[in-house]
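Have a look at the structure below, then the notes.
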Number of protein chains: 2
Amino acid sequence: MAATIRDVAQASGVHVSTVSRTFSAPHLVNTETRNRVLAAAEDLGYRPNRAARALTTGRTHNLGLIVADIANPFFSHLIKGAQAHARTRDYHVFVADTDEDPQVEEELIQTLAKQVDGVLLCSPRLSNRVIEKLREDVPFVVVNRRMKGMSNVLMDVGSGAREAIGHLMSLGHRRIALLAGPAGSWTSREITDAAHAVPGIDLTVFGPNSPTEHGGLALAEAVAAADVTGVLAYNDLMAIGLVEGLTALGVAVPDQVSVVGIDDIVAGRVSRPKLTTVAMPAEAAGRTAVDLLLQLVGAGETATPALATLATNLIIRDSTGPVRHGLRTDP
Amino acid sequence: MAATIRDVAQASGVHVSTVSRTFSAPHLVNTETRNRVLAAAEDLGYRPNRAARALTTGRTHNLGLIVADIANPFFSHLIKGAQAHARTRDYHVFVADTDEDPQVEEELIQTLAKQVDGVLLCSPRLSNRVIEKLREDVPFVVVNRRMKGMSNVLMDVGSGAREAIGHLMSLGHRRIALLAGPAGSWTSREITDAAHAVPGIDLTVFGPNSPTEHGGLALAEAVAAADVTGVLAYNDLMAIGLVEGLTALGVAVPDQVSVVGIDDIVAGRVSRPKLTTVAMPAEAAGRTAVDLLLQLVGAGETATPALATLATNLIIRDSTGPVRHGLRTDP
DNA sequence: GGAGTGGCTGCAACCGGTTGCACGAAACAT
DNA sequence: ATGTTTCGTGCAACCGGTTGCAGCCACTCC
């Protein structure tokens with residue numbers, strides 16, 4: 001069995017409270033005593049048990065991070081940013097994957113609540129109402145959804161969508177399809193609203209959809225049948241799936257249909273044609289979210305919620321091109 | 001503050017021990033009493049505090065999962081498999097990312113040790129010696145490294161490499177480059193050994209390398225300069241990076257150089273040319289690893305280590321083709 | 001010489017649960 | 001009627017730490 005605080009106390013001939021203070025408030029203990037304790041601890045391989053400490057202090061020094069899909073590169077970069085940043089503040093981040101299931105999401109939050117000091121909730125699929133309720137159990141920072149009274153980290157995805165559509169329209173596209181994301185996604189609604197508001201656009205919205213390669217693939221026929229020349233997808237995975245599907249149907253990208261994704265994941269850079277996309281600062285979002293959360297955790301009840309909005313930017317590659325009339329061959 | 005066991009006890013007029021038993025050993029408490037307790041608990045929104053429970057039982061019902069890089073799709077699928085499977089057994093999986101840094105890896109294991117019942121160590125970069133030592137702190141299952149006396153989940157990557165090279169040789173390739181993975185990777189050594197043992201091969205090994213797209217990209221010049229017609233890369237990310245680099249240098253894939261990756265990630269399916277690769281059963285590996293770990297955790301000291309080897313299989317796509325003599329243009 | 005001060009340490013209660021043990025009541029056997 | 005089980009519950013110690021309080025000692029200051 002691993003050494004406990006009592007073993008160390010015995011070995012160094014002091015009371016457990018002195019050992020405790022040696023680790024959590026070193027300035028309160030005499031230098032000589034401290035060295036003796038540290039030597040004994042080192043000798044026994046003692047490390048304070050964080051869980052036990054948490055019981056009295058109420059601070060676990062752990063953060064929870066909940067995402068819909070760990071395999072989505074956008075999230076994995078966000079996770080990396082969060083973990084690396086948290087480590088510098090002596091915090092650990094526990095990641096959990098909900099598999100896009102709101103039920104699982106709620107369950108995970110409940111279980112995590114007691115084991116972490118706060119939760120980073122990324123692109124939640126739960127309703128605002130449920131989140132408001134869960135908030136009583138544990139401090140939150142919500143990423144990718146605007147919620148009044150809570151700390152948020154948002155991507156300026158509305159302006160990203162406008163930029164993307166502006167790009168399509170500057171290429172002559174008017175009839176544009178929007179592949180929406182999953183139901184319950186704030187980002188998806190934000191994109192949709194921004195797209196609708198563009199003057200002169202002839203918009204067709206498909207969705208809600210599963211935000212995966214497969215979700216995009218499944219839409220290929222519908223998009224091919226629709227009378228559109230440009231497409232904005234909820235994310236790169238869907239865009240890639242769509243391009244795959246269109247190509248299989250004999251619809252050329254970008255010659256017949258231009259496609260824009262969102263996220264800027266590696267797969268988009270290596271797929272052919274290279275995907276035009278709206279880049280999202282995923283790592284920065286992870287870091288920022290950790291900052292806001294620790295701020296919240298440190299301040300306790302008195303905390304004022306903060307809002308961070310991160311800029312997005314359009315990366316033009318090869319999946320978009322000028323509109324060419326008469327080239328569409330209806331399947 | 002969240003309700004504690006004492007609140008529930010008071011509300012239902014029984015002793016805390018009865019409440020405790022209601023949750024952890026329901027058959028020991030009278031049906032009527034139990035219902036009363038459950039009602040009170042429901043009413044107060046009480047959920048047992050797992051951390052506190054762990055203090056006495058020694059079971060946290062959490063597992064740790066350590067990977068070198070969460071953003072590597074191979075790992076993210078492994079993680080998904082592990083998390084989903086663990087959830088069915090009422091366990092949670094906490095994921096941590098070492099950023100390929102052995103130092104961080106050791107630190108993470110130490111911190112996790114007290115908070116979880118066991119650790120899944122995936123593709124460790126640490127030395128066997130250190131792992132042996134850490135093993136005293138917490139039960140392990142090691143994925144992607146063979147270690148005597150420990151439970152292992154392995155991919156049959158040796159036979160995968162043989163199959164890949166067999167494929168190249170059947171296309172007429174003899175002078176083959178191997179892009180090794182990171183130092184300390186068992187998988188990389190396994191692949192290298194298997195490749196060396198193939199009769200009739202003229203093998204050039206590059207490495208160790210960073211197992212990322214960038215690592216592959218960085219090798220493009222060296223590979224182009226080397227007198228090889230076929231390449232086997234440590235993983236798909238490197239293969240994709242290499243193809244990107246070769247293409248930029250004017251070396252055509254597969255016409256001048258054939259490239260095979262390992263893992264079968266999405267990016268390989270959508271990149272052009274579509275990547276020939278050795279598929280690894282990542283999700284199954286995650287599930288299997290959880291099984292072995294729970295087995296280990298349940299059995300305590302008496303546990304016999306188990307070994308699971310999962311089959312790999314070659315997927316032939318467009319990045320490999322017949323050797324064509326005289327086509328190589330030295331850059 | 002006595003009061004006051006500050007530095008260090010021990011004592012004991014506490015965090016939120018679990019569990020071996022004891023005890024009372026009811027059910028059963030003799 | 002008495003002895004023996006069985007069942008359900010309470011009591012109290014314990015898990016591994018933290019922390020308010022009090023006490024001790026050595027010093028300093030009048």
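Only this structure's heavy atoms are used, side chains among them; waters, hydrogens and symmetry mates stay out. Naming convention: chains lettered A, B, ... in sequence-line order (proteins, then strands); numbering from 1 in each chain.
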Axis deviation across the helix from dG1(C)-dC30(D) to dT30(C)-dA1(D), five-pair ends, to the nearest 10°: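 If I round to tens, the end axes sit 50° apart.
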Any residue of residues 22-29 of chain A with a heavy atom less than 4.0 Å from an atom of DNA chain C: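 The answer is L28(A), V29(A).
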Close residues, residues 38-57 of chain A, relative to DNA chain C [heavy-atom separation under 4.0 Å]: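 By residue number: L55(A), T56(A).
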Residues R129(A), E132(A): salt bridge by 4.0 Å N-O rule: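 Looking at E132(A) together with R129(A), the answer is no, because their closest N to O distance does not fall below 4.0 Å.
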Using a strict threshold of under 4.0 Å (side-chain N to carboxylate O), is an ion pair present between R59(A) and D90(A)?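 Salt bridge absent between D90(A) and R59(A).
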Touch check for [X], heavy atoms < 4.0 angstrom, all strands: base, sugar-phosphate only, or nothing?
{"X": "T18(A)", "value": "sugar-phosphate"}
{"X": "T4(B)", "value": "sugar-phosphate"}
{"X": "V14(B)", "value": "sugar-phosphate"}

Without decimals, in angstroms, what is the distance between [X] [atom1] and [N] [atom2]?
{"X": "D7(B)", "N": "dG16(C)", "atom1": "CG", "atom2": "C1'", "answer": "11 Å"}
{"X": "I5(B)", "N": "dG17(C)", "atom1": "CD1", "atom2": "C1'", "answer": "5 Å"}
{"X": "N30(A)", "N": "dG10(C)", "atom1": "CG", "atom2": "P", "answer": "11 Å"}
{"X": "D137(A)", "N": "dG16(C)", "atom1": "CG", "atom2": "P", "answer": "14 Å"}

[X]: side-chain contact (heavy atoms from CB on, under 4.5 Å) partners, not counting sequence neighbours:
{"X": "R125(B)", "answer": "A68(B), E100(B), P102(B), E105(B), S123(B), P182(B), S185(B), P211(B), Y234(B)"}
{"X": "A52(B)", "answer": "L55(A), N49(B)"}
{"X": "R6(B)", "answer": "T4(B), V16(B)"}

Does N152(B) use its side chain to pair, donor to acceptor, with the backbone of R146(B) at less than 3.5 Å?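 Looks like no, no N/O pair under 3.5 Å.
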Below the 4.0 Å mark, does dT9(D) have OP1 or OP2 next to a side-chain nitrogen or oxygen of T33(B)?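 So the side chain of T33(B) is within the cut-off, an N or O lying under 4.0 Å from OP1 or OP2 of dT9(D).
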Distance-only donor-acceptor pairs under 3.5 Å for side chains of residues 110-121 of chain A, two or more places apart:
| unit_1 | atom_1 | unit_2 | atom_2 | d |
| --- | --- | --- | --- | --- |
| Q110(A) | OE1 | R47(B) | NH1 | 3.2 |
| T111(A) | OG1 | E107(A) | O | 2.8 |
| K114(A) | NZ | R47(B) | O | 2.9 |
| Q115(A) | NE2 | T111(A) | O | 3.4 |
| D117(A) | OD1 | T60(A) | N | 2.7 |
| D117(A) | OD1 | T60(A) | OG1 | 2.9 |
| D117(A) | OD2 | T60(A) | N | 3.2 |
| D117(A) | OD2 | H61(A) | N | 2.9 |
| D117(A) | OD2 | Y91(A) | OH | 3.3 |

Among all residues two or more places apart in sequence or in another chain, which pass the ring pair (Phe, Tyr, Trp, His ring centres under 6.0 Å) test with F94(A)?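 Partners of F94(A) by the ring pair (Phe, Tyr, Trp, His ring centres under 6.0 Å) criterion, ordered by chain and then number, come out as F94(B).
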Scan for salt bridge (Lys or Arg N to Asp or Glu O under 4.0 Å) pairs involving residues 21-37 of chain A, sequence neighbours excluded, and state none if there are none.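 Found none.
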Between I79(A) and V93(A), is any pair of side-chain heavy atoms under 4.5 Å apart?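 I79(A) does not reach V93(A) side chain to side chain.
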Compare all side-chain heavy atoms of L134(B) with those of V138(B) and state whether any distance is below 4.5 angstrom.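 Heavy-atom side-chain distance check fails, nothing below 4.5 Å.
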Sort and list the pairs that fulfil side-chain hydrogen bond (donor to acceptor under 3.5 Å, both in side chains) and have at least one residue in residues 66-88 of chain B, not counting sequence neighbours.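 Listed by first then second residue: D69(A)-K80(B), K80(A)-D69(B), D97(A)-K80(B), D99(A)-K80(B), H85(B)-D291(B).
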Please list all pairs meeting ring pair (Phe, Tyr, Trp, His ring centres under 6.0 Å) that have one or both residues in residues 16-39 of chain A, counting only residues at least two apart or in different chains.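 For residues 16-39 of chain A, and leaving out neighbouring residues, the ring pair (Phe, Tyr, Trp, His ring centres under 6.0 Å) pairs sorted by first residue read F23(A)-Y46(A).
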Protein-nucleic acid N or O pairs under 3.5 Å, nucleotides 11-13 of chain D:
| unit_1 | atom_1 | unit_2 | atom_2 | d |
| --- | --- | --- | --- | --- |
| dC11(D) | N4 | S17(B) | OG | 3.4 |

